> 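Below you will find the structure I want to go over with you.
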Amino acid sequence: MILPLAQMQEASRAVASPLFAGLSGDCEISFEFFPPKTEKMEEQLWESVVTLAPLAPRFVSVTYGAGGTTRERTHNTVARIARETAIPAAAHLTCVEASKGEIADVAHAYWEAGVRHIVALRGDAPGSDGKFVPHPDGYASAAELVEGLRKLHPFEISVSAYPETHPEALSASTDIDFLKRKLDSGASRAITQFFFEPETFFRFRDAVAAAGIDAEIVPGIMPVSNFAAITRMSQMTGTAIPVWMAHLFDGLDDHPSARQLVAATVAAEMCRRLYAGGVRDFHFYTLNRAELSYAICHLLGKRPVATAREEAA
């Protein structure tokens with residue numbers, strides 16, 4: 001019997017070596033959290049930090065609400081991570097509704113708290129339209145913010161990048177030009193908005209390189225724990241959701257455990273394909289839950305790193 005080409009290809013995949021076999025764990029990882037609103041959420045956040053810390057992330061970052069609405073909670077969370085763990089902590093900081101002096105005060109407070117890494121973002125204004133309007137005495141862009149922060153302290157600075165183009169950008173090329181401005185202003189790396197197909201990242205990586213940018217571009221990975229929520233977020237960020245992904249999550253609303261398994265499978269497979277394409281750095285948007293990110297990192301070969309105290313024991 002002669003099999004059709006499609007069946008032959010499927011059969012080849014079925015008998016191939018396990019997708020995650022033999023990975024050495026040579027990739028670097030980082031995680032993003034958001035500041036907790038309640039005592040219960042704070043407990044969940046710290047459970048996640050404790051769970052993920054043994055994987056020795058390069059850093060963990062904490063987000064900053066629109067209009068600085070979480071400024072105090074972001075500071076407290078980042079300061080606690082810096083104070084109580086060995087993980088390098090990074091604080092998000094935006095230009096929204098803040099003067100240069102106010103931003104300087106926040107940056108000085110972070111430096112005094114032992115925070116040496118800032119994720120510098122323009123940010124979106126609070127409200128339904130979310131359109132950014134510069135403060136009269138503030139920074140008008142993320143590039144200006146990066147330049148201003150570099151004058152205050154020798155921070156390590158990360159910025160954002162958009163593989164599918166920022167929703168407000170005139171074109172993909174102008175968006176990449178602006179990314180170059182942010183990096184030329186003193187940023188060390190760019191972390192991308194989430195995406196759902198590896199080809200999206202590879203095309204962006206090629207376009208960035210063609211534009212003469214040689215800085216580190218780290219893919220941002222969003223494991224899909226709630227498909228309806230990720231659909232809303234994707235509409236705001238201009239992220240495309242593949243048809244096949246909607247099909248995979250269809251019917252799982254009332255099956256949270258199954259949904260978690262599907263989410264881990266989808267995100268892990270994408271990370272594996274990114275790894276095969278040369279990616280060795282991954283940034284996970286955890287939504288303050290550790291399980292999915294931990295599972296994906298484990299599949300990528302990451303294992304807990306023993307502390308000096310454990311080794312001595």
Side-chain angles (χ1 to χ4, degrees), residues 28-36 45 49 57-125 132 134-135 137-162 166 178-193 213 215-220 281-286 288:
E28 296 284 351
I29 54 175
S30 54
F31 303 106
E32 179 175 298
F33 301 102
F34 61 83
L45 167 62
V49 171
R58 295 171 71 186
F59 63 89
V60 297
S61 64
V62 181
T63 62
Y64 197 74
T69 51
T70 66
R71 179 181 299 174
E72 184 176 350
R73 287 188 282 115
T74 296
H75 181 274
N76 291 341
T77 302
V78 175
R80 184 179 176 186
I81 292 172
R83 183 174 64 249
E84 299 183 17
T85 79
I87 310 171
H92 285 219
L93 189 55
T94 76
C95 307
V96 179
E97 297 187 353
S99 67
K100 293 179 181 178
E102 290 171 325
I103 289 175
D105 290 341
V106 173
H108 290 319
Y110 280 136
W111 189 265
E112 291 174 2
V115 176
R116 299 293 182 265
H117 188 170
I118 298 290
V119 179
L121 309 166
R122 190 204 68 179
D124 295 317
F132 174 76
H135 187 285
D137 299 316
Y139 297 108
S141 68
E144 290 186 9
L145 175 60
V146 170
E147 187 175 359
L149 290 171
R150 294 292 295 172
K151 294 177 181 178
L152 298 174
H153 296 286
F155 284 113
E156 178 181 1
I157 300 177
S158 297
V159 294
S160 62
Y162 291 79
H166 191 284
F178 192 73
L179 171 61
K180 190 174 189 303
R181 283 182 55 198
K182 292 189 286 187
L183 294 165
D184 289 346
S185 294
S188 305
R189 73 180 57 79
I191 301 171
T192 77
Q193 181 60 268
I213 297 173
E216 179 184 7
I217 309 295
V218 181
D281 295 280
F282 299 88
H283 184 74
F284 293 92
Y285 298 110
T286 69
N288 289 13

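This chain uses plain numbering: 1 for the first residue, then up along the sequence. Remember, it's a predicted structure, so these values are computed and weren't measured experimentally.
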> Could you pull out the closest heavy-atom pair between L179 and A190, with the gap in Å?
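Where L179 meets A190 most closely, the heavy atoms are CD1-CB, 3.8 Å.
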> To the nearest 0.5 angstrom, please state how far the OG atom of S61 sits from the OH atom of Y285.
8.0 Å
> Using the salt bridge (Lys or Arg N to Asp or Glu O under 4.0 Å) rule, collect all pairs that involve residues 140-151, keeping only residues at least two apart or in two chains.
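Passing the test, one end in residues 140-151: no pairs.
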> Using a 4.5 Å cut-off on heavy atoms from C-beta on, say whether the side chain of S141 contacts that of F178.
yes
> Could you give the distance from CZ (F34) to CG (N288), rounded to the nearest 0.5 Å?
4.0 Å
> Taking T63's backbone N and O only, do any of them form a donor-acceptor pair with T74's side chain (distance below 3.5 Å, no angle check)?
yes
> Is it the case that the side chain of T286 and the backbone of E32 share a donor-acceptor pair, with hydrogens and angles ignored and the cut-off at 3.5 Å?
yes
> Taking R73 for its side chain and P36 for its backbone only, find out whether a donor-acceptor pair lies under 3.5 Å.
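At least one qualifying donor-acceptor pair exists.
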> Taking all atoms of both residues into account, what is the closest heavy-atom pair of A89 and A82, and its distance?
CB-N, 4.2 Å
> With sequence neighbours left out, write down each residue that passes ring pair (Phe, Tyr, Trp, His ring centres under 6.0 Å) with H166, or none if nothing qualifies.
Y162
> Nearest 0.5 angstrom please: F31 CZ to H283 NE2, how far?
9.5 Å
> Between C95 and Y139, what is the shortest heavy-atom contact and its length?
CB-O, 3.6 Å
> Please report the shortest heavy-atom distance between G123 and V96, naming the atom on each side.
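Of all heavy-atom pairs spanning G123 and V96, the closest is C-CG2, 3.5 Å.
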> Do you know the tightest heavy-atom contact between A142 and A120?
CB-O, 4.3 Å
> Evaluate side-chain contact (heavy atoms from CB on, under 4.5 Å) for V60 paired with V49, printing each intermediate quantity in order.
CA-CA 9 Å; V60 297; V49 171; 6.0 Å; no
> Rounded to the nearest 0.5 Å, what separation is found between the CD1 atom of I103 and the CG atom of L149?
7.5 Å
> Under the criterion side chain to side chain contact (heavy atoms under 4.5 Å, CB included), which of V115, V119, V78 is the partner of V62?
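One option only clears the test, and that one is V78.
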> Take D281 and R58 through the test side-chain contact (heavy atoms from CB on, under 4.5 Å) and record every step on the way to the result.
CA-CA 9 Å; D281 295 280; R58 295 171 71 186; 2.9 Å; yes
> Please name the pair of heavy atoms, one in P57 and one in S30, separated by the smallest distance, quoted to 0.1 Å.
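Taking P57 first and S30 second, the nearest heavy atoms are CB-CA, 4.2 Å.
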> Check for a donor-acceptor pair, side chain of K182 on one end and backbone N or O of S160 on the other, with a separation under 3.5 Å.
yes
> In Å, rounded to the nearest 0.5 Å, how long is the span from CZ of F59 to CD1 of I191?
4.0 Å
> Exactly one of R189, E216, H92 should register a side chain to side chain contact (heavy atoms under 4.5 Å, CB included) with S158. Which one does?
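With S158 as partner, side chain to side chain contact (heavy atoms under 4.5 Å, CB included) holds for just one option, R189.
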> So do the side chains of W111 and R116 get within less than 4.5 Å of each other, counting heavy atoms only?
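In short, these two side chains touch, coming nearer than 4.5 Å.
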> Could you give the distance from CG (L145) to NZ (K100), rounded to the nearest 0.5 Å?
10.5 Å
> Parallel under 30°, tilted from 30 to 60°, perpendicular over 60°: which one fits the rings of H108 and H153?
perpendicular
> Any side-chain heavy atom of N76 sitting closer than 4.5 Å to one from P35?
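They are not in contact (no side-chain heavy atoms under 4.5 Å apart), so the answer is no.
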> With F33, which residues qualify under ring pair (Phe, Tyr, Trp, His ring centres under 6.0 Å), at least two apart?
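Residues passing ring pair (Phe, Tyr, Trp, His ring centres under 6.0 Å) with F33: none at all.
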